[in-house]
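Following: one structure in structure tokens, then a few remarks.
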Amino acid sequence: MKIAICDDLVEERIKIIAYLQKYVDIRGYFITIDEYENGEELLASNVNKYNLIILDIFMNELNGIEVAREIMTRSNHTPVIFCSTSN
């Protein structure tokens, strides 16, 4: 499974990766993870190669909702999970 994580905070990307790794280790799955610091970087990639995309909601420039809208115009089958550290 190929996963993209897009969050402007490196600490949050590290936490998400740790959670994912713990989950897949318990279940014996194999994943590869690509990290992106912003939506523009993610959208510059081939989003169709991902089986799952995890997006921060609040980022500079494009926010996660805007990025997800663009992803859906390119790929209507890639699941997107939103996350945020904001209340």
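Predicted model only: the values in this text are computed from it and were never measured. Computed over heavy atoms, backbone and side chain alike; hydrogens, waters and symmetry mates excluded.
Listed by chain and residue number, Glu70 satisfy the salt bridge (Lys or Arg N to Asp or Glu O under 4.0 Å) test with Arg74 (two or more places apart in sequence, or in another chain). With sequence neighbours excluded, the residues that form a side chain to side chain donor-acceptor pair (under 3.5 Å) with Asn48 are Ser75. Every residue was checked against the side chain to side chain donor-acceptor pair (under 3.5 Å) condition with Glu66, not counting sequence neighbours, and none meets it. With sequence neighbours left out, Glu35 forms a salt bridge (Lys or Arg N to Asp or Glu O under 4.0 Å) with Arg13. Partners of Ser45 according to the side chain to side chain contact (heavy atoms under 4.5 Å, CB included) rule, which considers only residues two or more places apart in sequence or in another chain, are Tyr36, Leu42, Val47, Tyr50. Every side chain to side chain donor-acceptor pair (under 3.5 Å) that Gln21 has, sequence neighbours left out, goes to Asp25. Contacts of Lys15 classified as side chain to side chain donor-acceptor pair (under 3.5 Å), with partners at least two apart in sequence or in another chain: Glu12.
For the atom pair CG of Leu62 and CZ of Arg69, the computed distance is 11.0 Å after rounding to the nearest 0.5 Å. To the nearest 0.5 angstrom, Ile53 atom CD1 is 3.5 Å from Ile71 atom CD1.
Nearest heavy atoms, Met72 versus Thr78: CE-O, 3.4 Å. The nearest pair of heavy atoms linking Val67 to Gly39 is CG2-CA, 3.5 Å. Of all heavy-atom pairs between Leu55 and Gly64, the closest is CD1-O, 3.4 Å.
Judged by distance alone, the side chain of Asn51 and the main-chain N or O of Lys2 form a donor-acceptor pair under 3.5 Å.
The side-chain heavy atoms of Asp34 and Lys49, taken from C-beta on, include a pair separated by under 4.5 Å.
Summarising the hydrophobic clusters (Ile, Leu, Val, Met, Phe, Trp, Tyr; side-chain heavy atoms under 4.5 Å, direct or chained), the residues clustered with Leu20 are Met1, Ile3, Ile5, Ile16, Ile17, Tyr23, Val24, Tyr29, Ile31, Ile33, Leu52, Ile54, Ile81. As a member of the Ile/Leu/Val/Met/Phe/Trp/Tyr network built from side-chain separations under 4.5 Å, Ile14 groups with Val10. Ile26 belongs to no hydrophobic cluster with other residues, because no ILVMFWY side-chain heavy atom falls under 4.5 Å from its own, directly or through intermediates.
Crowding of Phe82 atom CZ: a count of heavy atoms from other residues, nucleotides or ligands under 6.0 Å exceeding 12.
Evaluation of the side-chain hydrogen bond (donor to acceptor under 3.5 Å, both in side chains) test over residues 54-64, restricted to residues two or more places apart or in two chains, returns none.
Residue Phe58 is grouped with residue Ile65 when hydrophobic side chains (ILVMFWY) are merged at heavy-atom distances under 4.5 angstrom, including chains of intermediate members.
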